[in-house]
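Below: the structure, in structure tokens.
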Amino acid sequence: MASEIQARRLHHFLKGRREHLDLSQEDVALRLDISGRSYGSWERGRVTQWTDEKLYALADALEMSEYQVTRLFLYAVGRAPQPELRAAFCRPESADPAVAAFLGDYTVMLDALSLPTFVIDQGWDVKMANKAYRDLFRGVRAHPSAMPSRNFLRFGLFHPDAPSILTDHLKWQLAMLAQLSSSLERHSEDNGLQAIRRDVYRHAALRDAYLTDMPNWVLGSGADLVHHEGAVRELRHPNPRVGRQGCRLVEETPRSLKRLGLTRLTLVLIDLDERLTPESCASHDQHAA
């Protein structure tokens, strides 16, 4: 009887959270990389054994706050979560203990950096991000497929809050479309990149920009988002003491990450009053390195 009550509480909690985010069961299943039927069983509490890894993955898929994560654990396994395990479950997976240890240490190192820094795979899925990156996007509203914590390209192209942070949005968008095209040339079979392109084609303005404006822009700039390091675009930080800033996207990937198919990117924030001075830009570049 107690287990049935617990399962009902879990079901109402998960269903309520999913509907609050305006997600279908298939949407959540896609985030979890499981079948829709499997997620349906998860939501109804029909799981043989809940593990911390499953629960933390579910919490991430449903974008839960720390309070909500605690409720999830209490409903599912009758105890509070163990926060020290969460970072381990959120890191890129590796069967090699040495690689796993390196990625764990690298995550700690990223959090010590003051500039927003994140690590992506070939499809621009965010695999690691530091506190400065999370702080930059902390006010972003929930979105079923374009959260900055999940995929940076999707955020910039599709999230309605993107222009409020990436204030020079048209330039950001053209660079991101160029990056999508460039990434597809190198990884044409990547399902995630193909899905982004399909969504671009479904959006009339983005489709026109991708087919017409972006190729013309590339002729002038000659580079995609990553390889256009000379460009300083604008963004607005949610912290009013930081506010409006210039931003240069800098790729600085160590060989150890490249071997894992990962890329590290840093958003170098630049005082807009200083960006016209070559010496000041050079000093920011040295800080980013």
Side-chain angles (χ1 to χ4, degrees), residues 90 92 106-141 143 146-180 182-183 196 217 221 223-254 257-258 262-278 280-289:
C90 291
Y106 202 82
T107 302
V108 173
M109 185 273 290
L110 288 185
D111 262 335
L113 301 178
S114 61
L115 293 170
T117 303
F118 58 112
V119 174
I120 58 169
D121 64 11
Q122 67 183 27
W124 282 74
D125 285 341
V126 176
K127 296 301 182 182
M128 298 184 219
N130 68 353
K131 182 179 183 299
Y133 180 90
R134 297 191 295 272
D135 286 345
L136 177 61
F137 298 109
R138 67 179 179 227
V140 169
R141 292 170 293 175
H143 190 280
M147 294 302 291
S149 59
R150 297 187 179 280
N151 189 289
F152 189 71
L153 284 187
R154 279 193 169 278
F155 169 73
L157 293 173
F158 305 121
H159 201 296
D161 290 348
S164 66
I165 299 175
L166 308 177
T167 52
D168 206 2
H169 192 237
L170 179 59
K171 292 181 180 178
W172 279 101
Q173 210 168 55
L174 287 172
M176 288 181 171
L177 290 171
Q179 184 62 57
L180 174 61
S182 174
S183 296
I196 295 175
W217 180 83
S221 69
D224 54 25
L225 182 63
V226 169
H227 300 103
H228 198 199
E229 292 183 349
V232 176
R233 301 176 187 88
E234 294 181 15
L235 62 74
R236 187 177 300 279
H237 199 285
N239 183 342
R241 291 184 297 177
V242 181
R244 185 167 160 264
Q245 295 278 300
C247 177
R248 180 180 286 115
L249 186 71
V250 176
E251 188 269 323
E252 41 185 358
T253 310
L257 281 184
K258 287 182 178 178
L262 301 175
T263 300
R264 172 184 163 183
L265 300 170
T266 297
L267 300 172
V268 181
L269 304 185
I270 303 169
D271 191 307
L272 289 172
D273 294 331
E274 296 179 359
R275 69 174 177 169
L276 298 178
T277 306
S280 65
C281 290
S283 68
H284 279 285
D285 289 343
Q286 289 168 4
H287 177 61

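This is a predicted model, so every value here is computed, not measured.
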**Request:** Apply side-chain hydrogen bond (donor to acceptor under 3.5 Å, both in side chains) to Thr253 and list each qualifying residue two or more places apart in sequence or on a separate chain.
**Result:**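 Partners of Thr253 by the side-chain hydrogen bond (donor to acceptor under 3.5 Å, both in side chains) criterion, ordered by chain and then number, come out as Glu251.
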
Test item: [X] and [Y] side chains (from C-beta on) under 4.5 Å apart, heavy atoms:
| X | Y | answer |
| --- | --- | --- |
| Phe155 | Arg150 | no |
| Ile270 | Arg248 | yes |
| Leu235 | Leu136 | yes |
| Val126 | Asn151 | no |
| Tyr106 | Pro254 | yes |
| Lys127 | Asp125 | yes |
| His159 | Arg154 | no |
| Val268 | Cys247 | no |

**Asked** Does the side chain to side chain contact (heavy atoms under 4.5 Å, CB included) test come out yes or no for Met176 and Leu166, once each step is laid out?
**Response** CA-CA 12 Å; Met176 288 181 171; Leu166 308 177; 4.0 Å; yes

**Prompt:** Excluding sequence neighbours, so at least two apart, what forms salt bridge (charged side-chain N to carboxylate O under 4.0 Å, His left out) with Lys131?
**Reply:**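 Result, salt bridge (charged side-chain N to carboxylate O under 4.0 Å, His left out) vs Lys131: Asp135.
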
**Request:** Applying salt bridge (charged side-chain N to carboxylate O under 4.0 Å, His left out), name anything that partners Arg141, two or more places apart in sequence or on another chain.
**Result:**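 By the salt bridge (charged side-chain N to carboxylate O under 4.0 Å, His left out) rule, Arg141 matches Asp161.
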
Rounded to the nearest 0.5 Å, what separates atom [atom1] in [X] from atom [atom2] in [Y]?
| X | Y | atom1 | atom2 | answer |
| --- | --- | --- | --- | --- |
| Arg244 | Asp271 | CZ | CG | 10.0 Å |
| Thr167 | Glu234 | OG1 | CD | 5.0 Å |
| Phe152 | Leu157 | CZ | CG | 10.0 Å |

Show the nearest heavy-atom pair for residues [X] and [Y], with the distance to one decimal.
| X | Y | answer |
| --- | --- | --- |
| Gln179 | Trp124 | CG-CZ2, 3.3 Å |
| Ala162 | Gly156 | CB-O, 4.0 Å |
| Pro160 | His143 | CD-CD2, 3.7 Å |

**Prompt:** Where do Asn239 and Arg138 land on the side chain to side chain contact (heavy atoms under 4.5 Å, CB included) test, with the steps shown first?
**Reply:** CA-CA 10 Å; Asn239 183 342; Arg138 67 179 179 227; 4.2 Å; yes

**Request:** Could I get the full list of ring pair (Phe, Tyr, Trp, His ring centres under 6.0 Å) partners for His169, not counting sequence neighbours?
**Result:**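 Counting only residues at least two positions away or on another chain, His169 forms no ring pair (Phe, Tyr, Trp, His ring centres under 6.0 Å).
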
**Message:** So, using ring pair (Phe, Tyr, Trp, His ring centres under 6.0 Å) as the criterion, who are the partners of Phe158 when residues are at least two apart?
**Reply:**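 Ring pair (Phe, Tyr, Trp, His ring centres under 6.0 Å) list for Phe158, sorted by chain: empty.
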
**Test item: Arg134 side-chain N/O and Ala129 main-chain N/O as donor-acceptor pair under 3.5 Å** =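 Answer holds: yes.
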
**Request:** Assess whether side chain to side chain contact (heavy atoms under 4.5 Å, CB included) is satisfied between Leu262 and Arg264, documenting all intermediate values.
**Result:** CA-CA 7 Å; Leu262 301 175; Arg264 172 184 163 183; over 6 Å; no

**Request:** Name all residues meeting the side chain to side chain contact (heavy atoms under 4.5 Å, CB included) criterion together with Asn130; count only those two or more places apart in sequence or in a different chain, and write none if there are none.
**Result:**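 For Asn130, the residues satisfying side chain to side chain contact (heavy atoms under 4.5 Å, CB included) (neighbours in sequence not counted) are Leu110, Asp111, Leu113, Thr117, Ala132, Tyr133.
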
